[in-house]
Asks: 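Before anything else, here's the structure in question.
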Amino acid sequence: MPQESKKELRIIGFLCNWCSYGGADTAGVSRFKQPTDLRIVRVPCSGRVDPLFVVRAFLSGADGVLVSGCHPRDCHYSDGNYYARRRLEMLKRLLPFFGIDDRRFHYTWVSASEGERWQRVVTEFTKVIHGLGPLKIEEGEEIG
Amino acid sequence: MKVINITKEFDSKFIEQVAKESGENPYLCYQCGNCTAGCPFTEFFDYPVSQIMRLLQQGQKETILRSKAIWLCATCETCTTRCPCQIDVAQIMDTLRVIARRENYVSEKEIKLFFDTFLESLKKHGRVFELGILLAYNLKSGKIFTDVDLGPKVLLKGKIHLLPTKIKGQEKVESIFRKLAERVSGNE
Amino acid sequence: MERIGFLKKEKIEEYLQSLSKKGELYVPVDVGRAVKFEKYLTGSSICLDRPPTLPPKSVIYPQSERLFKFKFKKDEGNVDLIEIEEVEDTKKRIIFGARPCDSAGFSVIDNVFIQTDTPDVYYERRRMNSFIAAKACDKPSAGCFCIAVGGGPFDDSGSDALITELEEGYLIEAKTEKGSLFLDWELIEPGDDHLEKKLKKKEESERLLSEYLGELKKIEPLDPKTESFNDENFWKRHLSKCISCGLCTYLCPTCYCFNITDEKKIFEGERIRSWDSCMFFHFTLEASGHNPRPDKFKRFRNRVGHKFMFYPEKYSQLIACCGCGRCIRFCPVSVDIREVVFELQKPRRV
Amino acid sequence: MVELKEKISEVFRDTNLVICWREGFDPIHATPHFVREESQIEDSIFNLFCVHNLCVYLPFLKEKAGILVKGCDSRTLIQFLQEGLIRREDVVIIGISCRGIIDVGKLMREVLYEAVTGVSIDGDSIKVKTVSREREFQLTSLLADKCKICRYPNPLIYDHLIGEPVESKVSWDMAYEDIREFEKKPLEDRLSFWTKEIGKCIRCYACRNACPLCICRDRCIAETRDPHFTSQSVELKEKFMFHFIHAVHLAGRCVECGECERACPVGIPVKMMKKKINLEMKELFDYETGINVDDKPPMYTFKAEEEKIKEHEL
Amino acid sequence: MNNRRYAYYSGCSLESTAREYNESLKEVFRLLNIEIKEPEDWSCCGSSPAHTVDPLLACALGARNLALVEKMGLDVVIAPCPSCFTVLKRAHLKMKKDPEVRKKVNEVIDEPYNLKVSPKSALQILYEDVPPEKISEMVVYEIPELKVAPYYGCIVTRPPEVAEFDDAENPISMDRILESAGIEVCDFPFKTECCGAAFGIAKKEIVNRLSYKVIQMAKDSGANCIAVCCPLCQQNLDLRQGQINRLMGTNFQIPVLYFSQLLGLVFGISPKRLGIDKLVVDASWITRSMRKAEKKVGNKEKEPEAEEE
Amino acid sequence: MRVGVFICHCGNNIAGTVDVQKVAEEMRKIPGVAYSTTYVYTCSEPGQNEIIEAIKKYKLDRVVVAACSPRMHELTFRKAVEKASLNRYFLEMANIREHISWVGDDKELNTQKAIDVVRMAVAKVMNNKPLFSSSFKLTKRVLVIGGGVAGMQAALDCADGGLDVVLVEKSPSIGGMMARLDKTFPTIDCSICILGPKMVDVAQNERIKLYAYSEIEDVKGYIGNYEVTIRKKATYVDWNKCTGCGLCMEKCPSKNAYDYFNFGIAPTRAINIPFPQAIPKKAKIDPNYCRYFLKGKCGVCAKICPTKAIDYDMKDELVKEDVGAIIVATGYSLMGVENFPEYGGGKYKDVITGIQYERILNASGPTGGHIKRPSDGKEPETVVFISCCGSRDKSVGIPYCSNFCCMYIAKQAILTKDHLPKSQSYVFYMDIRAPGKGYDEFTRRAQEEYGVRYIRGRVSKIYPRGEKLIVRGADTLLGIQVEVEADLVVLANAVISNPDAAKLAEKLRISYDTFGFYVESHPKLRPVETNTSGVFLAGACQGPKDIPASVSQGSAAASKVLALFSKDVLESDPQVSYVNPNVCVGCMKCVKTCPFGAIKEEELRDGRKVAKVIETVCAGCGICTSTCPCGAIQLQHFTDNQILAEVYAFASGK
């Protein structure tokens, strides 16, 4: 995974405990090399990911946000990812309306056994974010 | 029987090429033999279809492209329909034929000749002139008497035109041939 | 010490440019669907023909300001330390084009933040370094009632200078020592000749306003014994429609309530002071979860009480309202504070 | 007007509370009117200045009430019923077929905020008398933007109906043309547009409190520290956060009554964000808010197979 | 779906060796009120030779004709010849699936094709768009002696991803159509076995051996006639039946008719117009054994009764 | 707050590519971090002791362990901090091995990443609250769904362990698939001879309450406290009166009813007892064939029944049972023969499935154990077996192996030879899968001793020629097409899940895979548990399985239940949602979205309606928390502020 420069961008990932966090573990156990930009937050279920976490991450300085859960039908809690899918899809379509490139936000499904897929997701997503560069939401003239 | 060094004589590029051009993944084949079992042409083949697939997995380009089987396939789709791995086997055979033609491996000259004659006619008239094809084929193949027994039957029944129909759009058809030829020479 | 000058209309641009060199100059600018005080930039089009949507309060008393920054450190012995970095704002600010009511609003806040034993340094520093030139009002706007609370369209309290827009230019009168900042320019001509026109204008303006107000002409501080004030039904009757947003307080030139929060990050943080509104539930929410003013009626009563009863009680009968009318003009459901106070003052129905 | 008052009286006898309008502090401002006594009925009005969506008062109102709704407002009631925020038996609905209302903000700007002392409407024109002069406008030029693209001029749910049905020729596409136009702008322009607009926000929360669907009201997470989604600082990012909270919480719920935008003192086009989401809700789930009581708000349900949500490739 | 208009791509064979297919089909369509219109200036689809040379060529030859249909403003094109049908359908699907192919093909053909046409076989139209009752209503003759082996050939229903019609292994559309027309159909296991296709000229022996199997199976299944829907099948089974007899030492005399010819006969169209006389294996006994059909009154109400023990 | 941070080297696993000293140093700078150190193997006993000692020595009140995945050792360290008298939820782990040291080569970048990730864990732990589990009572009864061999085994083991068992069987008799088999491989034991006694045990066991011909209607509740509604389907025969004499079946005039037990290989009567050894041995009317139901008259059975047990007006009945655990043993189905048109499935009577052949071989089957082909009753001379019919066939959507076909084909081929010594069997196969004990020897015996001819290749088509069926296939080892003239063809058709598997799974709230098989908690380590606590799996409902595997699982599931019930109270996981009633606005959106029905509406004293979580039902997914607009309902240990703390900590690293 050659990285063009050591300059990292800020990428945060919300991973469900049962599938994707496990998938990332599997990737680790299998030593599937990945770029280092991503920082992972463990949540019980992708359904726990409030779209506002994603927004907050962007507004706090993230250049990319990744959410990953169990594949549809495989949710540990049976329905969590179904809700996540709707809400995150809504957000993905809303972000560009505000001028935030929707490629900066990616949500996907990775199962606990899909170490290779996790590697691919991280590598590709990091590549996308590096392609887009840092996210700038700049203050206008401040009063007072 | 010849011993094949499956390490050295493994043409992985060929496999990739076939996979790319056919859009099919040859590695999906697990050699159940259903294609061979159903193929109406197996008895005429030098290698049954399943073995062509196996040869392909083993990267045996020469053997495949020299085989008669790839020319004798009539694209009847039995193999494709029955493949449990959902491989479009007929498509792979087609691709192999295209590659063989491109790389000048032709083990069944008559079949190639017939195809060429057919397309020549199509290019010339825009539609196919069957009598012309038959005559031209017979001339070129040297088998002057192919199907002469049938000729009178057809002619008497008035089922075949004595003269070609040429359509207005013939040049347009010809231009398709030309543009595609240019693509190839233009190394597209 | 009163000085009078005159500025020709065509010179205004040049004038503002020179003024902006003396300090941070704030002028009312039309930002599309609202008029707002913004930092003057060359080419900014100043908007004096209608009252600003937002008062210039935020120039001196910002909506949120950093009081200080703090940094977490550790000493040798791994003991947590906090390092504080004070903020000292000594910038000179000039406000041009406030309305008389806006300037009067500062006087209300001054009482609380400056005229006290423990002045608020942040406000005081800013206020002392600010220069305010108010533009007198020709005509009343929707909801205006300054004269009812002791102000007027040409009132100069709280302003350093008063500007009257005349046909050919602006008459500028310095009202304080600081006011001379607005006159000490070559562009300014002597203005005494225009005084008469100004007085006529003033008369006309006051007439229009009092006509507009009709019987609402005078509002007195509320008597602490006002009966309706403690009558829940009174508030229900008049305020059922209130939606309890903070628009009235945030647009008010005299509201000064604030909240202080520490925004902490891992290694550093800041203490910020930001406007708060008595209309908000969280304003009085106690840590226990109890809230003495849980509903909008109690909150609105507090707002009226504060402006017309508690504040006058404390500050020699001065009403904490400058009558700018913004809370009426922009209230999404047209709550009319004048009407409420007026009703309170009426003898109680039996 | 007679019909209006008759209907209100009729409903009042049943409910003891009718929420309607009366004239406000000047002729161009109507104000919500809670009729709790027979005598108050006389003050009730309906005119071009009855802009408010009175439904905002309904959820958590602890008493049975009659309410007046225009076509657009009526969608709010359907949305409430969908979400179980009111009970149908607790409201008596007087629906009003509406030809549009006036954008009072626009009118005030036209007359430079001068105090208005009288208005008279004659056909398509309106005469506005201010303290210093009189001006005449074409009604259409003062019509609220939302009325120009109104698809539901007639109430969708009611117990009593006032007025003749009004026909709307507005199609879905016409109603959302503004959003599609805006989306044609490059990404950077969109960001700078919102930077400027949201930059104006003073976080007075008038948009939120005027919104009938913002049911958290006092408990809004834009003000809390637990959860601490946003601070009270006026930094742009915090303002953005508030508007995201507002928009995201209304996803699939906003009925586009436009109260948020009308309430905003600094003129932020708050409704645009919600319209954008509604557009997506239609596209993704073929769902339109406040139309059918039996629908489910799409963010609170799901399908195992979503026809329209495709997996995203990287 | 009645009286709707379809584009009709007859293809080269139907202009010559299979003209009786063309003529009989048009007659049947006319009687069933199916309006068809031929695209002007259509060209050959390239058949199998094209795709063995260059897949793009095959696609382009098909797409050119689809573009012509598109220009006519029609959304369905009937391709009676299975070979033409397959080429057109494959061209359509390929271009739909792969934008790259679409771009390349549209570059070489004169008018771009925008994916608005669905190619269908004649069988599909008669099976899906014509209610069976309507076929039954048209019947005026019955042929009691006739027992038909319905022979579909290899590609009209295969592979299923391309044909998107009927069952790939055991198709029933032709069976049902013929049955609705009162024609007895036998249980024929070789419905989709290959007859040798286009190798007729180049590899005569192969074709003769494969076709022999098909005819033999028809005979074994009790059929005295074979119904086909493909010019190549017809040619291989009919024209070459003599060759087969010589090669295999058999004595087949089984007429091979297009299913449309059979429909035409029971619909009362003159055998001449249906080109029965153009068949190589004599089929005159069929016309001879035709007799006026008894109109079954109210046969719609008569549901086959549940089997009683 | 005094946080202790412990960075693990994991030998060289972490320390090799992460500068652990630097990470520890950086953590030391964080306010609130009172202690930060590294250790070679933190999970080892001395490593854990190190933590315990440090907690005491430095008066730590929160602990962060930066090591491997919390999925690996969270519990280990929770227990360790608990030993030092800290609440176990005051521990957070930062995963710097699987997510960092093992996936990145650049030490500098890895170290930076580790610093960020540990800082995020520190931020979170500072927001952690102590959580305590509460305990609840349980009903020590178990429900077993499915009376096949796995279910029976589970039921009997539970009963032996002293539990009361409710056994629900869908069909009129228990016994399942095994009851239909003739012999079992590789021992050629008589299937019903070994199963029969077990069935009788079930019937006679006083602790087992059997509901035959019944289905699960609804499941409510949670581990320890399930309330199950069972639908007893109408049999139209009063089973209290029916003695199973079989007179009705003899006299029933409707003789063409579909025989479910025999997979339709021969017809049965509209009123029937499925097979002689049925338990319960009671008659049942199939209203789809009964003349009384179809035509309104007949009544022969009612007239003839000596105990007057026939009741044409019988209706389905719903009964409720309280149980504390559920064992699902619903077994499997088989792909129908009509799915193989190229083999003439459904068209040619002599093309049958393996289970149908089993019934033909079986002495209690319709042919009395004589091999007669269905079309004309003749004894076949040539029998062809085709393996993998549908299995391992992606084109029909079944990529998996059906597990036991290879074996039963060999068995049936051997039995065929036993029955008809003159016969010849052929087996078309792709691979022979015989990994069990004595299995491979068995398939070899079929070939070596019984002369079964195995052909490596698939069959492409079957068509009739005269009375014979021509089976055309390939011998891929020779690379040729082959044909067999067969009298009978037996298809080893694919094992599929039950058609109603998904419906039941949804009632039980357990997961199922794309093929409808139930998903276990962990394929290796928790093979009979599901993700819903208190629900266990046994047998082929989890995937194709042979008898020994099903029986083992039945016993395994029973032992899980017995272990569960060995406690008198259960502890609930405190990582559940909690509603702050002061904040809740009562919109009840959480109630609507909770997948577990764990939230209900509650009225407070002041009349306000708010949501309330039923702790024992809540599974801790947090959907409610992300649904709640005002943040009133918070999933403990994953509250908004805990997650936001991580986001803010992430943001503060530059």
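In what follows, chains carry the letters A, B, and so on, assigned in the order in which the sequence lines appear, proteins first and then strands, with residues in each chain numbered from 1.
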Asks: For residues A/Lys33 and F/Trp102, report the shortest heavy-atom separation together with the two atoms involved.
Replies: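 In this case the closest contact between A/Lys33 and F/Trp102 is NZ-O, 3.1 Å.
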Asks: Can you measure from SG (F/Cys624) to OH (A/Tyr83) and round to the nearest 0.5 angstrom?
Replies: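 With rounding to 0.5 Å, SG (F/Cys624) is 11.0 Å from OH (A/Tyr83).
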Asks: Measuring from atom CG of A/Asp79 to atom SG of F/Cys594, what distance do you get when rounded to the nearest 0.5 angstrom?
Replies: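 So the gap between those two atoms works out to 9.0 Å.
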Asks: Counting heavy-atom pairs under 4.5 Å to chain F, which of A/Ala112, A/Cys45, A/Pro44 comes out on top?
Replies: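 It is A/Pro44.
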Asks: Rounded to the nearest 0.5 Å, what separates atom CD in F/Gln112 from atom CD in A/Glu8?
Replies: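 Nearest 0.5 Å value for the CD-CD distance: 7.0 Å.
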Asks: Identify which part of F/Thr593 has an atom lying under 4.5 Å from any heavy atom of chain A, answering side chain, backbone, both or neither.
Replies: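 F/Thr593 touches chain A through backbone and side-chain heavy atoms alike.
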Asks: Could you measure the distance from the CG atom of F/Asp116 to the CG atom of A/Leu38? Nearest 0.5 Å is fine.
Replies: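 F/Asp116 atom CG to A/Leu38 atom CG measures 11.0 Å (nearest 0.5 Å).
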Asks: Select one option (side chain, backbone, both, neither) describing which atoms of F/Asp513 are under 4.5 Å from chain A's heavy atoms.
Replies: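 For F/Asp513, neither part sits under 4.5 Å from chain A.
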Asks: In terms of heavy-atom pairs under 4.5 Å with chain A, which of F/Met72, F/Glu98, F/His99 leads?
Replies: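 Option with the greatest count: F/His99.
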Asks: Any chance you could lay out the side chain to side chain contact (heavy atoms under 4.5 Å, CB included) test for F/Ser69 and A/Tyr21, step after step, and finish with the verdict?
Replies: CA-CA 9 Å; F/Ser69 171; A/Tyr21 197 92; 3.6 Å; yes
Asks: State, to 0.1 Å, how close F/Tyr648 and A/Arg56 come at their nearest heavy-atom pair, and which atoms those are.
Replies: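 Scanning both residues, the minimum pair turns out to be OH-CD, 3.4 Å.
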Asks: Test side chain to side chain contact (heavy atoms under 4.5 Å, CB included) on F/Ile643 and A/Val43 and set out the steps.
Replies: CA-CA 8 Å; F/Ile643 295 170; A/Val43 290; 3.8 Å; yes
Asks: Measure A/Val49 against the heavy atoms of chain F and call it side chain, backbone, both or neither at under 4.5 Å.
Replies: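 Just its backbone gets close to chain F.
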Asks: Where on A/Ile11 is there a heavy atom nearer than 4.5 Å to chain F: the side chain, the backbone, both, or neither?
Replies: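 Looking at A/Ile11, just its backbone touches chain F.
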Asks: Please check if the number of heavy atoms outside A/Lys127 that lie under 6.0 Å from its NZ is greater than 12.
Replies: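 No, not enclosed.
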Asks: Using every non-hydrogen atom in the two residues, find where F/Ser626 and A/Arg87 come nearest and quote the distance to one decimal.
Replies: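 It is OG-NH1, 3.5 Å.
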Asks: Is there side-chain contact between F/Ile623 and A/Tyr82, with at least one heavy-atom pair below 4.5 Å?
Replies: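 Answer no - side chains too far apart.
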Asks: Quick one, F/Asn110 and A/Thr36 - any side-chain contact, counting heavy atoms below 4.5 Å?
Replies: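 Touching, per the 4.5 Å side-chain cut-off.
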Asks: Tell me whether F/Arg71 at atom CZ has more than 12 heavy atoms from other residues, nucleotides or ligands lying less than 6.0 Å away.
Replies: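 Yes - once you tally the heavy atoms of other residues, nucleotides and ligands closer than 6.0 Å, there are more than 12.
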Asks: Side chain, backbone, both or neither: which part of F/Phe596 has an atom under 4.5 Å from a heavy atom of chain A?
Replies: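 Interface part for F/Phe596: side chain.
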Asks: Is the number of heavy atoms from other residues, nucleotides or ligands within 6.0 Å of NZ (F/Lys503) greater than 12?
Replies: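 12 or below, so no.
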Asks: Side chain, backbone, both or neither: which part of F/Val647 has a heavy atom under 4.5 Å from chain A?
Replies: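 Both parts, heavy atoms under 4.5 Å.
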Asks: Nearest 0.5 angstrom please: F/Leu109 CG to A/Lys7 NZ, how far?
Replies: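 Answer rounded to 0.5 Å: 11.0 Å.
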Asks: Counting C-beta onward and ignoring hydrogens, is there a side-chain heavy-atom pair between F/Phe650 and A/Val41 closer than 4.5 Å?
Replies: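 Counting from C-beta outward, F/Phe650 and A/Val41 never come under 4.5 Å.
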Asks: Would you indicate whether F/Glu74, at its atom CD, is surrounded by more than 12 heavy atoms from other residues, nucleotides or ligands within a distance under 6.0 Å?
Replies: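 Check passes, neighbour count above 12.
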Asks: With a 6.0 Å cut-off (strictly less than), is the heavy-atom count around NZ of F/Lys22, excluding the residue itself, greater than 12?
Replies: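 Not buried by this count: 12 neighbours or fewer within 6.0 Å.
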Asks: For residues A/Tyr77 and F/Gly620, report the shortest heavy-atom separation together with the two atoms involved.
Replies: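 Taking A/Tyr77 first and F/Gly620 second, the nearest heavy atoms are OH-O, 3.5 Å.
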Asks: Heavy-atom distance under 4.5 Å to chain A: side chain of F/Thr627, backbone, both or neither?
Replies: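 Both the backbone and the side chain of F/Thr627 come within 4.5 Å of chain A.
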Asks: Let me confirm one number: the CZ-CD distance from A/Arg42 to F/Glu646, rounded to the nearest 0.5 Å.
Replies: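 CD of F/Glu646 is found 9.5 Å from CZ of A/Arg42.
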Asks: Going by heavy atoms in the side chains, are F/Asp640 and A/Arg48 under 4.5 Å from each other?
Replies: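 In contact.
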